[in-house]
Amino acid sequence: MPDWMTMMKTSISEVFETAFFETVEVQPAREAFSMAVFGVQDLTGVVLGFSEGLDGAVYVVAPDRWVSRITADFLGIDPDQVTDAQKADTIKEATNMIAGHMFSQFDSDGRIQLGIPELIRESFLIPADLESIKGTMVWVTTDTDKLAVATVLNSAGFPAS
């Protein structure tokens, strides 16, 4: 079984620093996800399921203002012009890139099948959304914000070829 923590740290750093020009520090989560950790701010969350060789999901939870800022930077537009649809597309793509990079580190045959990233809910997250996420979790600290990423495994092991 791969070292999830190392793969997550490497993938998150590569994606945020290369694609979004965000300097990040990735640390294991010592506490469970909760709204209290993020303070009083609106949060956006994405879940991306995967199956075949492994079955589970990757979650990314971020302050909405951070998602707005990276979207504006990524699209080269004024932050006031960013739409909810553009923010959703950006955070979904970031989640897809993190998962793809993570699995490419050990799944050279492409057995793991990524699903389609989805917002956890259309509006901002509620406490129950975060409390339901269990798995290998890390905190991602940027220059301005704190994000959370988790990988949840429901089952592991590649089927016999």
Side-chain angles (χ1 to χ4, degrees), residues 2-50 56-106 114-153:
D3 178 355
W4 287 112
M5 192 59 64
T6 300
M7 287 188 330
M8 287 174 68
K9 286 180 177 182
T10 301
S11 298
I12 292 163
S13 294
E14 284 285 323
V15 169
F16 285 136
E17 291 176 5
T18 303
F20 297 100
F21 306 106
E22 284 284 317
T23 301
V24 297
E25 181 180 330
V26 183
Q27 297 294 324
R30 301 205 191 315
E31 65 270 47
F33 287 171
S34 72
M35 298 300 266
V37 173
F38 290 100
V40 182
Q41 59 184 319
D42 292 326
L43 301 175
T44 299
V46 173
V47 59
L48 170 60
F50 53 87
V58 174
Y59 292 83
V60 174
V61 176
D64 189 63
R65 70 170 185 258
W66 180 82
V67 177
S68 293
R69 186 175 55 76
I70 68 162
T71 300
D73 290 348
F74 191 63
L75 297 176
I77 61 176
D78 186 273
D80 294 333
Q81 295 176 317
V82 173
T83 67
D84 288 342
Q86 289 168 325
K87 288 190 296 189
D89 288 346
T90 300
I91 195 68
K92 287 179 193 179
E93 184 57 25
T95 304
N96 196 44
M97 291 165 62
I98 290 168
H101 186 280
M102 187 168 60
F103 294 128
S104 73
Q105 295 178 56
F106 72 94
L114 296 180
I116 297 172
E118 299 176 6
L119 291 176
I120 294 172
R121 71 175 56 243
E122 290 298 320
S123 59
F124 300 114
L125 301 183
I126 61 171
D129 295 326
L130 296 184
E131 292 164 6
S132 70
I133 301 172
K134 309 286 187 234
T136 304
M137 298 181 256
V138 296
W139 294 115
V140 180
T141 306
T142 71
D143 291 338
T144 59
D145 291 287
K146 186 176 196 175
L147 330 173
V149 178
T151 301
V152 178
L153 282 181

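From a predicted model like this one, the values you see are computed outputs, not experimental measurements.
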>> Does Gln86 form a side-chain contact (heavy atoms from CB on, under 4.5 Å) with Asp89? I'd like the steps, not just the answer.
In response: CA-CA 5 Å; Gln86 289 168 325; Asp89 288 346; 5.7 Å; no
> Going from CZ on Phe20 to CD1 on Ile70, what distance comes out if it is rounded to the nearest 0.5 angstrom?
Replying inline: 4.5 Å
>> My understanding is that only residues two or more places apart in sequence, or in another chain, count here; which of them pass side-chain hydrogen bond (donor to acceptor under 3.5 Å, both in side chains) with Glu131?
In response: none
> So, for Ala94 and Val15, which heavy atoms are closest and what is the spacing to 0.1 Å?
Replying inline: O-CG1, 4.1 Å
> Partners of Thr90 by side-chain hydrogen bond (donor to acceptor under 3.5 Å, both in side chains), sequence neighbours excluded?
Replying inline: Thr71
>> The test is side-chain contact (heavy atoms from CB on, under 4.5 Å); show your working for Val24 and Trp139 and say whether it passes.
In response: CA-CA 10 Å; Val24 297; Trp139 294 115; over 6 Å; no
>> I need the full list of salt bridge (charged side-chain N to carboxylate O under 4.0 Å, His left out) pairs touching residues 135-146, with sequence neighbours left out, sorted by first then second residue.
In response: Arg65-Asp145
> Rounded to the nearest 0.5 Å, how far does CD1 of Ile126 lie from CZ of Arg121?
Replying inline: 4.0 Å
> If you look at every heavy atom in Gly115 and Leu48, which pair is closest and at what distance?
Replying inline: O-CD1, 3.1 Å
>> Checking Thr95 now: which residues fulfil side-chain hydrogen bond (donor to acceptor under 3.5 Å, both in side chains) with it, not counting sequence neighbours?
In response: none
>> How long is the straight-line distance from CZ of Phe124 back to CD of Gln41, given to the nearest 0.5 Å?
In response: 10.5 Å
>> The criterion is side chain to side chain contact (heavy atoms under 4.5 Å, CB included); which residues satisfy it with Ala19, sequence neighbours excluded?
In response: Met97
> What residues form a side chain to side chain contact (heavy atoms under 4.5 Å, CB included) with Asp84, not counting sequence neighbours?
Replying inline: Lys87
> From Leu75 CG over to Gln81 CD, what is the distance, rounded to the nearest 0.5 angstrom?
Replying inline: 10.0 Å
>> Could you work out, with side chain to side chain contact (heavy atoms under 4.5 Å, CB included) as the rule, every residue matching Leu119, not counting sequence neighbours?
In response: Thr44, Val46, Ala88, Ile91, Lys92, Glu122
>> Minimum heavy-atom separation for Leu114 and Ala99, please, with both atom names.
In response: CD2-CB, 4.0 Å
> How would you list, by chain and number, every residue that makes a ring-ring contact (aromatic ring centres under 6.0 Å, His included) with Tyr59, sequence neighbours excluded?
Replying inline: none
>> With a sphere of 6.0 Å drawn around CZ of Phe74, does it hold more than 12 non-hydrogen atoms of other residues, nucleotides or ligands?
In response: no
>> Please find the pair of heavy atoms, one from Leu147 and one from Pro63, that lie closest to each other, and give the distance.
In response: CD2-CD, 3.5 Å
>> If you compare all heavy atoms of Val26 against all heavy atoms of Ser13, which two are closest, and at what distance to 0.1 Å?
In response: CG2-OG, 3.9 Å
>> Which residues pass the ring-ring contact (aromatic ring centres under 6.0 Å, His included) test with Trp66, not counting sequence neighbours?
In response: Phe16
> side chain to side chain contact (heavy atoms under 4.5 Å, CB included) with Asp80: which residues, sequence neighbours excluded?
Replying inline: Asp78
>> Let me confirm one number: the CG-CG distance from Asp42 to Leu125, rounded to the nearest 0.5 Å.
In response: 9.0 Å
> Considering residues at least two apart in sequence or located in another chain, which fulfil the side-chain hydrogen bond (donor to acceptor under 3.5 Å, both in side chains) criterion with Thr144?
Replying inline: Arg69
Name each donor-acceptor pair under 3.5 Å that joins a side chain in residues 5-12 to protein atoms two or more places apart or in another chain, with its distance.
from	atom 1	to	atom 2	distance (Å)
Thr6	OG1	Asp3	OD2	2.6
Thr10	OG1	Thr6	O	3.0
Ser11	OG	Met7	O	2.9
Ser11	OG	His101	ND1	2.9
Ser11	OG	Met102	N	3.1
Ser11	OG	Gln105	NE2	2.9

>> For a quick test of reading the model, state the closest non-hydrogen atom pair linking Pro79 to Ala72 and the distance between them.
In response: CA-CB, 3.7 Å
